[in-house]
S.K.: 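Here it is, the structure in full.
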There are 2 protein chains.
Amino acid sequence: MIKIDNTYTIKDVAERFNLPISTIRYYDKQGLLPFVAKNQAGYREFTTADLHLIRTIVCLRNTEMPLRDIRQYINYCMAGPKSIPLRKALLQSHKSRVLKKQAKIMHDLQEIDYKLDRYNAPDAAAFVSAELQFASNEKRAHGLRDTFS
Amino acid sequence: MIKIDNTYTIKDVAERFNLPISTIRYYDKQGLLPFVAKNQAGYREFTTADLHLIRTIVCLRNTEMPLRDIRQYINYCMAGPKSIPLRKALLQSHKSRVLKKQAKIMHDLQEIDYKLDRYNAPDAAAFVSAELQFASNEKRAHGLRDTFS
DNA sequence: TCTTGCCCTAAACTATGGTTCAGGGTTTAT
DNA sequence: ATAAACCCTGAACCATAGTTTAGGGCAAGA
C-alpha cells in the first residue's frame, strides 16, 4: 500500500519553516494553531492542510502582524466561507499598515543616506569637526556644561 | 539684548518630535543622550545641536535600529571625526539590513495579495468551502480528530 | 504667597514574542 | 530490552522598549 501523503511531526514542521520547535509550541499555546490535532500519545500530528495554514501564519508574521491578529485571522479561516468579508478586511488593513510603514521607513532611510553621503564627502572630517565645535560653543553660550569635548 | 537662539525643555522636545516625555527620559537613561546638559535645577536643557542629534536618533529609531546600536552611533558622534569610518560602517550595515527586510516584507506581502485576490474572486466561497472540506477529510483519513468543522 | 504647571529620579509595571528548564512519557534502532 | 532520539506540559526566564507611579523639588502667574 502506497501512502500518498503523510503527516508531519513538530520537528518536520520546524525544519520546513525554519522555526524553532519552541516557537511552534508557543504559537499553539497562543491559539494560533487550533487546527493541529494530536495523536494517541499526545503528539502533535500535522497534515498538509495544516502546513498551508502555517505557511500563511509565517507569512503574516514575517510582515509583522501581531499574534493577536493572526489568531483572529486563523479563527476566521476555521469559521468557513461566511467569514470571507472579515478576512478580507483584516488582510486589507494589514496590508495598508505595512505599506504605510514601508514608505515611512524609506523616507527615514533617505535621511540616513544623506548622512552617509556627507561622511563620504572629501571634507567630511572638517565638516564634522565644525559641527562639534558649534555644539560646544552653543553649550558654553548657554552656561551649560560642555558635553561635547 | 536679543536672544538669537534658545534652549528647549524636555516638553518642547517631546512636542517637536512627537515623542512621550517618558521616552526621552528613557533614552537618556539608556545612554542615547549623553550630550544633553542639565541646568542648576537639574532640568535637562536642550540646545539646537542637541535637537539635530535627536532628529538623527528618531530617524534611526524609525528605521528600527536597536537602541544599543543607536547608542553606539551617538558615541561615535561624540568622539569626533576620527570615528567617521565607524559611523559609515554602522549606517551602511543598518541600511543593508533595512533594505533586505523591506524586500522580504514585500515578498511576503505578495502572498497576502494572492490570498486577497482569491477572496475577491466570484467563486471565493466555493473555493474556501472546498479547502475546508479537504482539510476535514485529511484529518479523518489519518485517524485524527477533525479540528475543522 | 500660593497654586498650578513643569521638572526630576528610582523603581515598579506592562506588552510582545519568545526561549529554557524540569520532569516525564514514547518510539526507534541496535 | 535498552539507549538515543523525540515528544509533551507547565512554569520560569529573557530581551526589548517603553509607561506608570510615588515622592519630591522648581517656576511663573494670580
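Note that these values count all heavy atoms, side chains included, but never hydrogens, waters or copies made by symmetry. Order of the sequence lines sets the chain letters (A, B, ...), proteins ahead of strands, with each chain counted from 1.
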S.K.: Does a side-chain heavy-atom distance below 4.5 Å link A/F148 with B/D50?
M.R.: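 Touching, per the 4.5 Å side-chain cut-off.
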S.K.: Compute whether any side-chain donor of one residue and acceptor of the other, for A/T63 and A/H94, lie under 3.5 angstrom apart.
M.R.: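 There is such a pair between these side chains.
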S.K.: Could you tell me whether B/S22 contacts a base, only the sugar-phosphate backbone, or nothing, with contacts defined as non-hydrogen atoms closer than 4.0 Å?
M.R.: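 The residue B/S22 makes base contact.
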S.K.: Could you check how far CG of A/L33 sits from P of C/dG17, rounded to whole Å?
M.R.: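 Interatomic distance, CG of A/L33 to P of C/dG17: 15 Å.
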S.K.: Working to the nearest 0.5 Å, report the span between CD of A/E45 and CD of A/Q40.
M.R.: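 It is 7.5 Å, given to the nearest 0.5 Å.
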S.K.: Counting only side-chain heavy atoms from C-beta out, which of D/dT16, C/dG18, C/dC7 sits nearest to A/T23?
M.R.: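 The listed nucleotide nearest to A/T23's side chain is C/dG18.
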S.K.: Select from B/M65 and B/A41 the residue whose nearest nucleotide in DNA chain D is closer to the 5' end of that strand.
M.R.: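 Between the two, 5'-proximity favours B/M65.
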S.K.: What's the closest nucleotide to the side chain of B/P20 if the choices are C/dG17, D/dG10, D/dT19?
M.R.: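 Shortest atom-to-atom distance from the side chain points to D/dT19.
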S.K.: Among A/R87, A/K88, A/Q92, exactly one meets side chain to side chain donor-acceptor pair (under 3.5 Å) together with B/Y119. Which residue is that?
M.R.: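 So, applying the side chain to side chain donor-acceptor pair (under 3.5 Å) to B/Y119 and each of A/R87, A/K88, A/Q92, only A/R87 qualifies.
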S.K.: Can you check the B/F46 CZ to C/dC7 P distance for me, whole Å?
M.R.: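 One finds 10 Å between P of C/dC7 and CZ of B/F46, rounded.
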S.K.: Is there a donor and acceptor pair closer than 3.5 Å between the side chain of A/Y27 and the base of C/dG18?
M.R.: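 Checked by distance alone, the answer is no.
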S.K.: Can you measure A/E64 atom CD to D/dA17 atom P for me and round it to whole angstrom units?
M.R.: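 Whole-Å distance recorded here is 13 Å.
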S.K.: What nucleic acid atoms does A/R25 come within less than 4.0 Å of, heavy atoms only: base, sugar-phosphate, or nothing?
M.R.: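 Answer is base: heavy atoms of A/R25 come under 4.0 Å of a base.
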S.K.: In whole angstrom, give the distance that lies between atom CG of A/D69 and atom C1' of C/dT16.
M.R.: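 It is 13 Å, rounded to the nearest whole Å.
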S.K.: Between B/K29 (NZ) and C/dA12 (P), how many Å, whole number?
M.R.: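 Going from NZ in B/K29 over to P in C/dA12 covers 11 Å.
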S.K.: Quickly work out the B/I57 CD1 to D/dG18 P distance and round it to whole Å.
M.R.: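 Taking CD1 of B/I57 and P of D/dG18, I get 12 Å after rounding.
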